[in-house]
Every structure is written in structure tokens, then in C-alpha cells.
Amino acid sequence: MKLIVGLGNYNEKYKNNRHNVGFVFIDFIVKELGLGVDFEKNSKFESLVLKTPDLILAKPLTFMNNSGRAVKRLFDYYEIDFDDFYLVYDDLDIALGEYKIVKDKPPKTHNGVWSVIESLGGSDFWHIRIGVENRDKDNRILGEQYVLENFLDNEKEVIRSVISKASRDLIERIHK
């Protein structure tokens, strides 16, 4: 059983934020695999969950910085191994339009990711790091503010393209 969790903030006002890339990724995978959109709101896991015979897709209903609580519940209930866990999130260490799928290599700073690492007691799982860094180098705003802003119109197609590439890459890895 594989568990893929996308990080984001479950609230309409955050829907188009850079910080919600994990949710967008999960929605794309659901469409790509033809799974429909039958997410179940599960209070036991504090998440929206879609389960197939060999795959669990989840979007925590906790706010980003408390994502670890929801992930831990899913992880423990389904007895997931670190090798079968994929965490998807926005990453300011990577330029917009790029991504990395790496094992045990979290970003320097990301409160949602670090919440998951602390809850699970380690980072030796798969990290799907979607680059969102596109700040003006001369007038750089703080990362905490930047990730809570909506994607600009010219960034939307770039992020759709990178999510498409990264999701297809992940699907290939999972089905090997």
C-alpha cells in the first residue's frame, strides 16, 4: 500500500496559493489515474482521503503547520512503511518550473514538512518537492508571506506543467 499526501491549507481562500501545490498535485493524480473525485472527509484522519486497493491519496484538513498530526494517523492506521510514503509540497529551495523526487532530503525550512518529520520521527521517506521560487531578487518578500500569495497569471501554466511532469514521474515510480 502506497500513501501519497499533498500538503496545503484546506480553506477556499488558500485554494490558489503557492502553499497549496500539494493539494493541486493530488487532484491532478486523481484525474490522471481516472479515479474520479470521491474523496471522503474522514475525521479520524483529519483528512480528505481517496483509497484504492493499492493506493491512498490524502489532503490533510489541518492547517499546514499541523500536517504531521493527520499524516501520523494515516501512517499508523494503514501501517505504512517509509519506503511507501510520498509527501508532496511547495518548495522555496527550488525554482518555479522545477521539481525533485528525493528520499530523505527535506527542504531547509518548511513548517508543514517539519511537522510531518517530527510526527513520524524521521524524514526517510519520499519527498516530492515542487519548486515555487520566483521572487524578485531585488525586492524579495519573506517566504512565509510569498507562499500564501496566489500564483500570478504567468506562473499558473508553469506550475500546471511541472505538476503534470512530476505526477507522471511519480506514477511511473509507483508502478515499477
Side-chain angles (χ1 to χ4, degrees), residues 3-32 37 39 41-42 45-50 57-72 74 85-102 104-120 123 125-171:
L3 172 62
I4 305 172
V5 175
L7 296 185
N9 286 313
Y10 184 71
N11 188 310
E12 191 63 29
K13 77 178 189 176
Y14 299 110
K15 185 178 178 181
N16 297 308
N17 287 179
R18 293 175 180 92
H19 228 15
N20 261 28
V21 163
F23 282 11
V24 175
F25 187 96
I26 293 294
D27 291 340
F28 190 90
I29 290 245
V30 167
K31 288 178 189 165
E32 192 69 18
V37 289
F39 279 94
K41 189 173 185 177
N42 190 310
F45 302 129
E46 294 184 89
S47 300
L48 294 175
V49 178
L50 191 147
L57 299 163
K59 299 188 286 188
L61 296 173
T62 59
F63 278 98
M64 178 69 76
N65 295 350
N66 296 316
S67 298
R69 190 174 70 224
V71 171
K72 177 78 169 142
L74 287 158
F85 176 51
Y86 302 82
L87 187 66
V88 186
Y89 51 88
D90 61 290
D91 195 322
L92 280 174
D93 294 339
I94 302 173
L96 179 71
E98 298 177 16
Y99 73 95
K100 293 180 182 179
I101 299 179
V102 293
D104 198 17
K105 291 195 186 336
K108 296 174 203 147
T109 58
H110 191 301
N111 291 337
V113 175
W114 286 99
S115 169
V116 172
I117 291 169
E118 288 173 12
S119 292
L120 297 180
S123 64
F125 50 82
W126 292 99
H127 296 256
I128 295 88
R129 301 169 63 176
I130 308 295
V132 297
E133 177 58 81
N134 197 31
R135 290 178 282 182
D136 181 348
K137 289 174 182 36
D138 297 326
N139 189 19
R140 197 171 172 138
I141 65 172
L142 291 175
E144 296 87 7
Q145 178 185 346
Y146 180 71
V147 295
L148 292 175
E149 291 180 353
N150 288 341
F151 282 105
L152 301 174
D153 287 341
N154 64 333
E155 296 173 327
K156 288 177 183 174
E157 186 54 41
V158 174
I159 204 65
R160 275 189 216 97
S161 176
V162 75
I163 285 174
S164 175
K165 289 176 195 168
S167 66
R168 287 188 179 105
D169 189 359
L170 178 59
I171 290 167

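These values consider heavy atoms only, across backbone and side chains, with no hydrogens, waters or symmetry-generated copies.
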Item to check | Atom pair CG/CZ of Leu87 and Phe25 - distance to nearest 0.5 Å | outcome: 11.0 Å
Checklist entry - Can you name the salt bridge (charged side-chain N to carboxylate O under 4.0 Å, His left out) partners of Glu149, sequence neighbours left out? => result Arg18
Checklist entry - How would you list, by chain and number, every residue that makes a side-chain contact (heavy atoms from CB on, under 4.5 Å) with Arg160, sequence neighbours excluded? => result Lys156, Glu157
Checklist entry - Does the side chain of Leu96 reach to within under 4.5 Å of the side chain of Phe151, using non-hydrogen atoms? => result yes
Checklist entry - For Asn150, which residues count as a side-chain contact (heavy atoms from CB on, under 4.5 Å) partner, sequence neighbours excluded? => result Asn16, Asn17
Checklist entry - How far apart are the closest heavy atoms of Leu74 and Ala58, and which atoms are they? => result CD1-CB, 3.6 Å
Item to check | Sequence-distant partners of Asn20, side chain to side chain donor-acceptor pair (under 3.5 Å), two or more places apart | outcome: none
Checklist entry - Of the non-hydrogen atoms in Glu46 and Ala70, which two are nearest, and what is the gap between them? => result O-CB, 3.7 Å
Checklist entry - Roughly how far, to the nearest 0.5 Å, is NE2 of His110 from CD1 of Ile117? => result 10.5 Å
Checklist entry - Are Leu170 and Trp126 side-chain neighbours, meaning at least one heavy-atom pair lies under 4.5 Å? => result no
Checklist outcome for this item: Tightest non-hydrogen contact, residues Lys72 and Ser119, listed as CD-O, 3.2 Å
Next on the checklist: If the condition is side-chain contact (heavy atoms from CB on, under 4.5 Å), which residues does Asp136 pass it with, not counting sequence neighbours?
Outcome noted: Asp138, Asn139
Checklist outcome for this item: Taken in chain and number order and not counting sequence neighbours, the residues that satisfy side chain to side chain donor-acceptor pair (under 3.5 Å) with Asp27 are Lys59
Checklist entry - Can you tell if the side chain of Leu92 reaches within under 4.5 Å of the side chain of Arg135, non-hydrogen atoms only? => result yes
Next on the checklist: Nearest 0.5 Å, please: how far is CD in Glu98 from NZ in Lys165?
Outcome noted: 9.5 Å
Checklist entry - Mind checking whether Trp114 and Ser67 have side chains closer than 4.5 Å, heavy atoms only? => result no
What donor-acceptor contacts under 3.5 angstrom involve side-chain atoms of residues 5-15, with partners at least two apart or in another chain?
from	atom 1	to	atom 2	distance (Å)
Asn9	OD1	Met64	N	2.8
Asn11	OD1	Lys13	N	3.2

Checklist entry - Got a sec, which residues hit side chain to side chain donor-acceptor pair (under 3.5 Å) with Tyr89, two or more places apart in sequence or on another chain? => result His127
Next on the checklist: I'd like to check the side chain to side chain donor-acceptor pair (under 3.5 Å) partners of Arg168; sequence neighbours left out, ordered by chain and number.
Outcome noted: Glu32, Ser164
Checklist entry - How long is the span from the CD1 atom in Ile128 to the CD1 atom in Ile29, to the nearest 0.5 Å? => result 8.0 Å
Checklist entry - Quick one: side-chain contact (heavy atoms from CB on, under 4.5 Å) partners of Asp93, sequence neighbours excluded? => result Asp91, Pro107, Lys108, Arg129
Checklist entry - If every non-hydrogen atom of Pro60 is compared with every non-hydrogen atom of Phe23, which pair is closest and at what distance? => result O-CZ, 3.3 Å
Checklist entry - Less than 4.5 Å apart, any side-chain heavy atom of Ile130 and any of Ile159? => result yes
Item to check | salt bridge (charged side-chain N to carboxylate O under 4.0 Å, His left out) against Asp104, all qualifying residues, sequence neighbours excluded | outcome: none
Checklist entry - What closest approach, in Å, do Tyr99 and Ile94 show between heavy atoms, and which atom pair accounts for it? => result N-CG2, 4.2 Å
Next on the checklist: Just to verify, what does Lys100 make a salt bridge (charged side-chain N to carboxylate O under 4.0 Å, His left out) with, not counting sequence neighbours?
Outcome noted: none
Next on the checklist: Using every non-hydrogen atom in the two residues, find where Val116 and Phe125 come nearest and quote the distance to one decimal.
Outcome noted: CG1-CZ, 4.1 Å
Next on the checklist: Tell me whether Gln145 contacts the main-chain N or O of Leu142 through its side chain, where contact means a donor paired with an acceptor under 3.5 Å.
Outcome noted: no
